[in-house]
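Numbering of residues begins at 1 and proceeds along the displayed sequence.
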Amino acid sequence: MSDSGVGEMDPVPAKGTRRCAAADEADPTPCEGRPAAVTVIARDGTQHTGCVHHTARLLASLEGARLHPSAAALPWACEVYCRAAQLPPFAWQIGR
């Protein structure tokens with residue numbers, strides 16, 4: 001999901017390019033969209049802000065995780081939630 005493109009990351013980052021903070025080091029997939037689109041809150045209260053792609057993967061992987069309450073006002077929150085619902089935990093470990 002994209003609007004003006006301002007603040008967005010490249011769909012395929014160049015080698016050595018930093019990825020969003022929600023991307024797991026073992027997850028080889030590139031970021032998608034804004035690098036700080038949505039925040040996921042883990043059960044212990046730790047907050048992870050990242051792109052749509054990686055926050056969805058994180059939401060699917062962390063038991064008891066939820067989207068930050070302010071995410072409801074963001075256009076990407078529904079996309080993150082719907083993607084997470086279709087992913088297994090730690091999808092990158094099984095090649096998804």
Side-chain angles (χ1 to χ4, degrees):
M1 296 187 126
S2 168
D3 54 2
S4 67
V6 176
E8 293 192 6
M9 300 185 85
D10 294 330
V12 180
K15 186 174 179 126
T17 301
R18 290 182 13 185
R19 297 189 305 153
C20 73
D24 189 282
E25 288 183 16
D27 185 347
T29 59
C31 287
E32 193 177 312
R34 296 174 184 260
V38 180
T39 299
V40 173
I41 302 175
R43 178 182 279 173
D44 67 1
T46 305
Q47 296 187 20
H48 307 274
T49 301
C51 71
V52 170
H53 178 71
H54 289 113
T55 53
R57 292 164 85 82
L58 190 61
L59 184 62
S61 301
L62 296 177
E63 188 175 330
R66 64 190 191 284
L67 294 180
H68 191 280
S70 68
L74 300 172
W76 308 280
C78 185
E79 178 74 16
V80 168
Y81 184 80
C82 291
R83 286 186 188 198
Q86 297 179 17
L87 288 170
F90 309 102
W92 57 93
Q93 292 179 346
I94 59 170
R96 285 189 67 195

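Listed for the His54 side chain is a donor-acceptor partner under 3.5 Å among the backbone atoms of Thr29.
Heavy atoms only, all atoms of each residue included: Pro88 and Ala60 are closest at O-CB, 4.2 Å. Between Val38 and Thr55, the shortest heavy-atom contact is O-CG2, 3.3 Å. The two residues Ala22 and Gly50 make their nearest non-hydrogen contact at CB-CA, 3.8 Å. The two residues Ala65 and Val40 come nearest to each other via the heavy atoms CB-CG1, 3.9 Å. The heavy-atom pair separating Ala42 from Arg66 by the smallest distance is O-NH1, 4.2 Å.
Using a 4.0 Å cut-off between charged side-chain N and carboxylate O, Arg19 and Glu25 make no salt bridge. With respect to Asp27 and Arg57, a salt bridge is recorded, a charged nitrogen being found less than 4.0 Å from a carboxylate O.
Ile41 and Leu62 are members of different hydrophobic clusters when ILVMFWY side chains are connected at heavy-atom separations under 4.5 Å.
Distance CG/Leu58 to CZ/Phe90: 8.5 Å, rounded to 0.5 Å. To the nearest 0.5 angstrom, His48 atom NE2 is 11.5 Å from Cys20 atom SG. Of the inter-residue distances, the one linking Tyr81 atom OH with Leu59 atom CG reads 8.0 Å to the nearest 0.5 angstrom.
Looking at Thr39 and Leu67, their side chains never come closer than 4.5 Å, going by heavy atoms from C-beta outward. Counting only heavy atoms from C-beta outward, the side chains of Pro35 and Cys51 never approach each other to under 4.5 Å.
Applying the salt bridge (charged side-chain N to carboxylate O under 4.0 Å, His left out) criterion to Glu63, with sequence neighbours excluded, gives Arg43. Under the side chain to side chain contact (heavy atoms under 4.5 Å, CB included) criterion, Ala21 pairs with no residue, sequence neighbours left out.
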